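Since the structure is predicted, the reported quantities are computational estimates derived from the model, not experimental observations. These values consider heavy atoms only, across backbone and side chains, with no hydrogens, waters or symmetry-generated copies. Numbering starts at 1 and runs along the sequence shown.
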Amino acid sequence: MEVLEIIALVFFVVIAAALFITIRRTNRLVAGPREADGFRDAVADIANRTQVSLDLVAGRIDQVRRQTLDPGLIVEDVASTRAAVHGYAEEAAALQVPGGSESIREALLGELGRAERALESVEHGSTLLAAAGHELAASEGQISIKRGYLNVLHVREAVQKQAAAAGELAAQARRRPRM
């Protein structure tokens, strides 16, 4: 091998190494915001589906609460919404969490658990009202429905706050990329 061939080979290796390092750093810069954007989108999707599910059942619960709908008619709706919320919680538990967003996922899981408990309370109250043989059972049923209804309303707002927090996390990741 001649000296010029060796020099060319050395330059090629140096340029290849520099290119490799540049690509690797660029990938790190892009990976943080990409992970945060994916997390934001997943949380927003879960929050939107939760909102739709809870909106639908909240209207029916309010009708029972105002005594314009028979309580026995919403038991099936409440049970199916509770199953859907449970599915959303399983999805949230399986989310890939970028650094700094564990608290968002945990808060989202907490709110979805709260929604399940609220819907159980409504289901219990509806069952009591549907089978109420005396005034005490009817009163307990009304209280369970009202507490569950109010918690459903609060959960809707709290889940949207977690989606907004995930959006802010993604915005921060775009402003301050990692090296």
Side-chain angles (χ1 to χ4, degrees), residues 35-174:
E35 290 172 0
D37 286 344
F39 181 73
R40 176 203 59 209
D41 293 345
V43 170
D45 179 50
I46 292 170
N48 289 336
R49 287 185 286 142
T50 300
Q51 175 110 24
V52 168
S53 296
L54 294 180
D55 279 347
L56 291 173
V57 80
R60 306 265 296 164
I61 295 169
D62 192 41
Q63 289 176 333
V64 169
R65 202 173 62 82
R66 296 178 185 280
Q67 299 176 353
T68 60
L69 182 66
D70 182 56
L73 296 176
I74 69 162
V75 172
E76 192 174 306
D77 294 339
V78 171
S80 64
T81 301
R82 194 176 78 208
V85 168
H86 182 74
Y88 304 151
E90 288 177 347
E91 286 180 46
L95 286 177
Q96 295 295 326
V97 181
S101 58
E102 292 85 7
S103 62
I104 295 171
R105 182 180 65 182
E106 294 306 314
L108 180 62
L109 286 170
E111 292 303 332
L112 292 171
R114 180 179 172 194
E116 284 186 73
R117 292 187 301 277
L119 292 169
E120 286 174 7
S121 177
V122 169
E123 195 172 7
H124 173 71
S126 297
T127 303
L128 285 175
L129 280 178
H134 53 83
E135 192 173 310
L136 183 60
S139 176
E140 183 182 343
Q142 284 290 346
I143 291 169
S144 290
I145 289 173
K146 185 173 185 175
R147 283 184 181 160
Y149 175 72
L150 292 175
N151 276 317
V152 164
L153 296 181
H154 291 136
V155 166
R156 284 186 326 185
E157 294 173 18
V159 167
Q160 290 302 320
K161 285 180 184 176
Q162 296 311 313
E168 180 58 32
L169 178 82
Q172 287 175 0
R174 282 191 299 279

Engineer: How far does CG of Asp77 sit from CD1 of Ile61, to the nearest 0.5 angstrom?
Structural biologist: 9.0 Å
Engineer: Check the pair Arg147 / Ile143 against side chain to side chain contact (heavy atoms under 4.5 Å, CB included), numbers first and verdict last.
Structural biologist: CA-CA 6 Å; Arg147 283 184 181 160; Ile143 291 169; 3.9 Å; yes
Engineer: Measuring from atom CD of Glu106 to atom OG of Ser103, what distance do you get when rounded to the nearest 0.5 angstrom?
Structural biologist: 8.5 Å
Engineer: Nearest 0.5 Å, what's the CD1-CG distance between Ile145 and Leu129?
Structural biologist: 4.5 Å
Engineer: Backbone N or O of Gly113 within a donor-acceptor pair of the Arg117 side chain at under 3.5 Å?
Structural biologist: yes
Engineer: Kindly give the heavy-atom pair with the smallest separation between Thr81 and Ser53, and that separation in Å.
Structural biologist: CG2-O, 3.9 Å
Engineer: List the atom of Arg156, the atom of Ala58, and the distance in Å for their closest heavy-atom pair.
Structural biologist: NH1-CB, 4.4 Å
Engineer: Which atoms form the tightest heavy-atom contact between Leu108 and Gln162, and what is the distance?
Structural biologist: N-CG, 4.1 Å
Engineer: To the nearest 0.5 Å, what is the distance between CG on Leu69 and CG on Asp62?
Structural biologist: 10.5 Å
Engineer: Identify, with sequence neighbours excluded, every residue that meets salt bridge (charged side-chain N to carboxylate O under 4.0 Å, His left out) alongside Glu90.
Structural biologist: none
Engineer: Given 3.5 Å as the limit, does a donor-acceptor pair link the side chain of Thr68 with the main chain of Gln63, or not?
Structural biologist: yes
Engineer: Between Ile74 and Val122, is the side chain to side chain contact (heavy atoms under 4.5 Å, CB included) condition met? List the steps.
Structural biologist: CA-CA 9 Å; Ile74 69 162; Val122 169; 4.0 Å; yes
Engineer: Using modelled atom types only, decide if a donor and an acceptor are shared between the side chain of Asn48 and the backbone of Ala44 within a distance under 3.5 Å.
Structural biologist: yes
Engineer: Hey, are Glu102 and Arg105 close enough for a salt bridge, meaning a charged N less than 4.0 Å from a carboxylate O?
Structural biologist: no
Engineer: Please walk me through it: do Glu120 and Arg82 pass side chain to side chain contact (heavy atoms under 4.5 Å, CB included)?
Structural biologist: CA-CA 8 Å; Glu120 286 174 7; Arg82 194 176 78 208; 3.4 Å; yes
Engineer: List the atom of Leu109, the atom of Ala92, and the distance in Å for their closest heavy-atom pair.
Structural biologist: CD2-CB, 3.8 Å
Engineer: Of all the heavy-atom pairs spanning Leu54 and Ala115, show the shortest one and how long it is.
Structural biologist: CD1-CB, 4.5 Å
Engineer: Does the side chain of Val159 reach to within under 4.5 Å of the side chain of Tyr88, using non-hydrogen atoms?
Structural biologist: no
Engineer: Output the distance between atom CG (Leu56) and atom CD (Gln51), rounded to the nearest 0.5 Å.
Structural biologist: 10.5 Å
Engineer: Measure the shortest side-chain to side-chain distance between Glu116 and Leu119 over non-hydrogen atoms and say whether it is less than 4.5 angstrom.
Structural biologist: no
Engineer: To the nearest 0.5 angstrom, please state how far the CD1 atom of Ile46 sits from the CD atom of Glu111.
Structural biologist: 13.5 Å
Engineer: Are side-chain heavy atoms of Val75 and Pro71 found at a separation under 4.5 Å?
Structural biologist: no
Engineer: So which heavy atom on Asn151 is nearest to which on Arg114, and how close?
Structural biologist: OD1-NH2, 3.2 Å
Engineer: Does any N or O in the side chain of Gln160 come within less than 3.5 Å of the main-chain N or O of Ala47, such that one atom is a donor and the other an acceptor?
Structural biologist: yes
